[in-house]
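Below you'll find the structure, written out as structure tokens, and then a few comments.
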2 protein chains.
Amino acid sequence: MIRRTHDHAAGTEAWAEHAAAQVAAAGHRAGGARTAVIESLAGQTCCRSAQEIFDQLRADGRRVGIASVYRVLDLLVSLGVVQRLDLGGGISRYEPALPGGEHHHHLVCVECGEVRPFEDPRLESAIEQTAARSDFTVDAHDVVLRGHCPDCRAA
Amino acid sequence: MIRRTHDHAAGTEAWAEHAAAQVAAAGHRAGGARTAVIESLAGQTCCRSAQEIFDQLRADGRRVGIASVYRVLDLLVSLGVVQRLDLGGGISRYEPALPGGEHHHHLVCVECGEVRPFEDPRLESAIEQTAARSDFTVDAHDVVLRGHCPDCRAA
DNA sequence: ATACGTGCAAAGTATTTGCAAACGG
DNA sequence: CCGTTTGCAAATACTTTGCACGTAT
């Protein structure tokens, strides 16, 4: 089997293991809801809402409660293995925080709600520079671009 | 009296007039709640939540309902004279959108919630470049930097 | 065995909507 | 006047909390 350095499936698998390890290291047990939410997140390419994760788990036949989904997500965020995103509309979205420190930002269609990730090194460097100039200690940042996706523009 | 080009009070006064004019131009009347919310926003230097605006108006003795505050803010956002911000925590914040197209972003203290505005032309240009490269039509963008303010870091 | 974890239901916030009364032009 | 706007209260949407039962270690 060929091993590719930036293979996506391998990356998310690695993330699931990493997340489970962090949970254990923090002195927590591996309950059903925790395993289920980690697996669900590992299988997605971009951010999901708590409700979407819940719906997917139920569709897969798992008997989880939505409260547990929220509790697990909170735990994973506090352990630093999941990033919580606020793309507007009053709902939080969650995605795996990849170990390498690499991260992306999001384009959001204001019409259909589609979310597309993007990366931009120039943007990151501008943000770092601003952060350094400020008297705040900056730990994190979010960038959201809002507009219309090709499909909605056509319609 | 000396007239300064970038005088703040003059700028916000001008904004209030501009906002009222846009409301009228769109065929809306100048009811009590609309005038009150516009005045309240004009008197603030940075973003406020709907609840904060409501509380301030009540403290000033105006008998407005919070539903009207939300309705007026929605109207002003749709007219493009107010910008809606989502700095996290599930609550929306609002601030005047100054006519010149100039705008700023925000540093948020995750501990005390303090919000500080900042500007960065390099950041803007990086975002424009990314927007142009994407197949979305980008109308707006938000940048939020999260960290600790000097006071909270000291404590 | 025994804490810790979970599901369900109820409570808690932020925001929206229905409606009759008040009001602007 | 007459349709718009408003305040109140009820409804909604997302998230959190209380609690008894289940389960991993």
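So you know, we letter chains A, B, ... as the sequences are listed, proteins then strands, and number each from 1. Since the model is a prediction, treat every value here as computed from it, not as a measurement.
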- Message: Tell me whether the rings of B:Phe118 and B:His105 are parallel (<30°), tilted (30 to 60°) or perpendicular (>60°).
- Response: tilted
- Query: Quick one, which residues of residues 49-66 of chain B touch DNA chain D with a heavy atom under 4.0 Å?
  - Reply: B:Arg58, B:Arg63, B:Val64, B:Gly65
- Message: Please report the distance, rounded to the nearest Å, between CD1 in A:Ile91 and P in C:dT15.
- Response: 14 Å
- Message: Contact list please: residues 23-37 of chain A against DNA chain D, heavy atoms, distance less than 4.0 Å, in numerical order.
- Response: A:Arg29, A:Ala30
- Query: What is the distance, rounded to the nearest whole Å, between atom CD1 of A:Ile38 and atom C1' of C:dG5?
  - Reply: 13 Å
- Message: Expressed as a whole number of angstroms, how long is the span from B:Asp74:CG to D:dT5:P?
- Response: 14 Å
- Item | Distance, rounded to the nearest Å, where B:Arg93 contributes CZ and C:dT13 contributes C1' | 15 Å
- Query: In whole angstrom, what separates A:Leu75's CG from C:dC4's P?
  - Reply: 14 Å
- Query: Quick one: is D:dT15 close enough that its OP1 or OP2 comes under 4.0 Å of any side-chain N or O from A:Ser92?
  - Reply: yes
- Query: Looking at A:Glu119, A:Glu124, A:Arg116, A:Glu95, which one forms a side chain to side chain donor-acceptor pair (under 3.5 Å) with A:His104?
  - Reply: A:Glu95
- Interatomic distance where CG belongs to B:Leu73 and C1' belongs to C:dT16 [whole Å]: 13 Å
Strictly under 3.5 Å: I want the nitrogen or oxygen pairs between protein and nucleotides 18-20 of chain C, one per line.
residue: C:dG18; atom: O6; partner: B:Arg71; partner atom: NH1; Å: 3.4

- Message: Here's a test for you: under side-chain contact (heavy atoms from CB on, under 4.5 Å), which of B:Val82, B:Leu75, B:Leu73 qualifies with B:Val37?
- Response: B:Leu73
- Determine, using the 4.5 Å side-chain heavy-atom cutoff (strictly less than), whether B:Trp15 and B:Leu57 are members of one ILVMFWY cluster. yes
- Query: Would you say a side-chain N or O of B:Tyr70 is under 4.0 Å from OP1 or OP2 of C:dT16?
  - Reply: no
- Query: Using a distance-only test with no angle check, is there a side-chain donor-acceptor pair under 3.5 angstrom linking A:Ser125 and B:Arg122?
  - Reply: yes
